[in-house]
Amino acid sequence: MGRKLLLENDHIEGIRKLDVYRKHGGYSSLEKALKTMTPEQVVEEVKASGLRGRGGAGFPTGMKWSFIAKPAGVPRYVVCNADESEPGTFKDRYLMERIPHLLIEGMIASSFALGARTSFIYIRGEYFYVARILEQAIAEAYEAGLLGKNIMNSGFDHDCYVQVGAGAYICGEETALIESLEGKRGNPRIKPPFPAVAGLYGCPTVVNNVETIAAVVPIIKDGGAAYASIGVGKSTGTKLISASGHINKPGVYEIELGVPVEEFIYSEQYCGGIRNGKKLKAVVAGGSSVPILPADLILKTAAGESRLMTYESLADGGFASGTMLGSGGFIVMDEDTSIVKNLWNFTRFYHHESCGQCSPCREGTGWMEKILHKILDGNGTLADVDLLWDIQSKIEGKTICPLGDAASWPVASAIRHFRSEFEEYVRNGKSIKDVKHYFRLHQVAEA
Amino acid sequence: MSDNKEYKFSDETLATAQRIIRRYPEGKEKSALIPLLHLAQAEFDGWLSPGAMDCVSALLKIQPIEAYEVASFYSMFNLKPVGKCVIEVCRTSSCWLLGAEDIVRHIEKKLNIHVGETTTDGMFTLKTVECLGSCGTAPMLQCGGDYYENLTFDKVDNLLEKMKSEGKRRVYTKDDMINI
Ligand SMILES: Cc1cc2nc3c(=O)[nH]c(=O)nc-3n(C[C@H](O)[C@H](O)[C@H](O)COP(=O)(O)O)c2cc1C
Ligand code: SF4
Ligand code: FES
């Protein structure tokens, strides 16, 4: 059995409540930080832990924290990214719903480390009921003197608020999130300046994912070195994986980084294998944005080594034969899945979610969606497949925010690894198209 | 811009709105815009008419256009009247892999409407939405803040029957906007 640091107590009855959470050691990390550590020491432990951002990009958290500007007299903010809209990802919802106090404790401790008097948890609007759970937990924390003035008699004051969004994937991008939190449209900002210098209300701000902030709690409890002793190389600690698609046991799993992908998919402890005795065809390992890999390449690297659930191993081979750990949104597809249709669905998603500021993203995602639609209808040509490739290459790296890349990578990887399937549609699309194409009909009707 | 209806928050909603506004630093009250638009949508029949948005912009002392431009950016805000129950079916990856198309088609037949339409009795509006973070329990739909997961045709039928017989509007209730 792998060790669990975040979901160790998720099954305990009533753990959502403060008293039960405390009975199982809750808020002891906060107490330790406030009473025995300086803010700098907390930052040092996080650095030593090797923790990397769990929102998708995997940037070292301790390093990010050390970048925060500290001009005198200017407030600093900690913002928790609970927007969780990357298709295939549902771990943050699980964590917040089950153990809300773990996040709140992490928020207070992180804010102590960063010198933030106020923090916000920006949660996607659709998670309204989860926001309510968090608000209840926050109310309990205030009542117990864990929030507000002079927390645990340490002299540290802190307020934490829950802010709901209103349905926009782009608001998960940290600068779009900040814009949204300021009451505006979620248009990403041009960086630099980075939020660590000029974020919320122009003040130094750290934005971290729910899971990242929750991980600060065990890091304080056992020390950065203990956290770093779990995992492989630069992939330290545990990671929540949201597993979905054609598997027997979908759900959220906390793994020690380094579990072999094959074990993750097939063992009873995790996904329990492919549904209905089917064969594995492809996996999107880290949320819809990361490159899709065919079965052989997700299980083994191009060099024939067993692929592990780590940042490095999943990326082995670069985009030619690898992918990314991303948000840990692990989508499994069986042998009957149409890669072309799946790609159409993803591309439609990115087109829908583009904020529209940059032309390559705004226009390119729409063009790609249309071309895929044409191919699916059996009206495509081989030149269309090349055109798709060309368009994605002209979006990637040429936009204000990484949504452009996120829209390109699925297209590039699907063509790279499944080109023959596109060609099959070009040749025989007219006869394939009567399978299930209901959403596409709507797309036409809605346009 | 306004219709003839008078858009005024109830005292209770107003108090909630003011509590939310106080969270932000002085001069940054616009941060309350999205939470207040949610309040307005819940208060005024599940959608944001120009009058409803004006009510919010007046409270925040911002230009009406600032509320319109935000309301039109976010998919949860309805800018047209909707039925009492807005059925939002996830159409993204994992739900699609596990039969979301069939669920949508089934609901369309059952309610005799297409996606984007409202039933003539004003009871249901059918929408498709993007991934709602419920992919491990796909296919799923959301209605008024509640998640309905691992859907089957039977489950959908029972749900629609239940909603119809209850006949009440399902919104994110104002109680959800808990305040500190
Ligand atoms: C289009 C887009 C969507 C994103 N969505 C999310 C999200 O839903 N949740 C999240 O934590 N990070 C998301 N991110 C990443 C954030 O920009 C940011 O890197 C992250 O919140 C930093 O936190 P971390 O370092 O703890 O991962 C998104 C990025 C992009 C470009
Ligand atoms: S890349 Fe797309 S989503 Fe990002 S800023 Fe540009 S248009 Fe907006
Ligand atoms: S794909 Fe439907 S909830 Fe995520």
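Lettering of chains follows the sequences in order, A, B, ..., and the numbering in each one begins at 1. Side-chain atoms are counted along with the backbone in the values below, which use heavy atoms only and exclude waters and symmetry mates.
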Item checked: Max heavy-atom pair count under 4.5 Å with chain A, selected residue of B:D146, B:L33, B:L98 ->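 Ranked by heavy-atom pairs under 4.5 Å with chain A, first place is B:L98.
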Item checked: Largest heavy-atom contact set with chain A, pairs under 4.5 Å, which of B:A138, B:A32, B:S93, B:A71 ->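 Of the candidates given, the most pairs with chain A belong to B:S93.
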Please state whether the side chain, the backbone, both or neither of [X] comes within less than 4.5 Å of a heavy atom of chain B.
X      : result
A:I247 : neither
A:F120 : side chain
A:F330 : neither
A:R93  : side chain
A:V252 : neither
A:F346 : side chain
A:T337 : side chain

Check: Hey, does the side chain of A:E84 reach the backbone of A:R124 with a donor-acceptor pair shorter than 3.5 angstrom?
Finding: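 Not confirmed, A:E84 side chain does not pair with A:R124 backbone.
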Next item on the list: Could you tell me whether the side chain of A:N81 and the main chain of A:D83 form a donor-acceptor pair under 3.5 Å?
Entry: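 Yes, because the side chain of A:N81 sits within donor-acceptor range (under 3.5 Å) of the backbone of A:D83.
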Between [Y] and [X], do the side chains contain a donor N or O and an acceptor N or O under 3.5 Å apart?
X      : Y      : value
B:E149 : B:S134 : yes
B:S31  : A:Y201 : yes
B:E130 : A:Y169 : no
B:Y74  : A:S180 : yes

Note to self: Go through it in stages, so that I can follow the logic: the residues are B:F44 and B:S49, the test is side-chain contact (heavy atoms from CB on, under 4.5 Å), and I'd like the CA-CA distance, side-chain angles, deciding distance and then a yes or no.
What the structure shows: CA-CA 8 Å; B:F44 304 123; B:S49 63; 5.7 Å; no
Notebook entry, point to check: Relative to chain B, which of A:G251, A:G356, A:G88 shows the most heavy atom pairs under 4.5 Å?
Noted result: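 Highest number of heavy-atom pairs under 4.5 Å: A:G88.
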Notebook entry, point to check: For chain B, which of A:G165, A:P75, A:S85 has the most heavy-atom pairs under 4.5 Å?
Noted result: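 Heavy-atom pair counts peak at A:G165.
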Item checked: Sole residue of A:E86, A:E97, A:E211 in salt bridge (Lys or Arg N to Asp or Glu O under 4.0 Å) with A:K91 ->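 When A:E86, A:E97, A:E211 are each tested with A:K91, the salt bridge (Lys or Arg N to Asp or Glu O under 4.0 Å) holds only for A:E211.
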Next item on the list: Answer with side chain, backbone, both or neither: which region of B:E69 has an atom nearer than 4.5 Å to a non-hydrogen atom of chain A?
Entry: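 Both the backbone and the side chain of B:E69 come within 4.5 Å of chain A.
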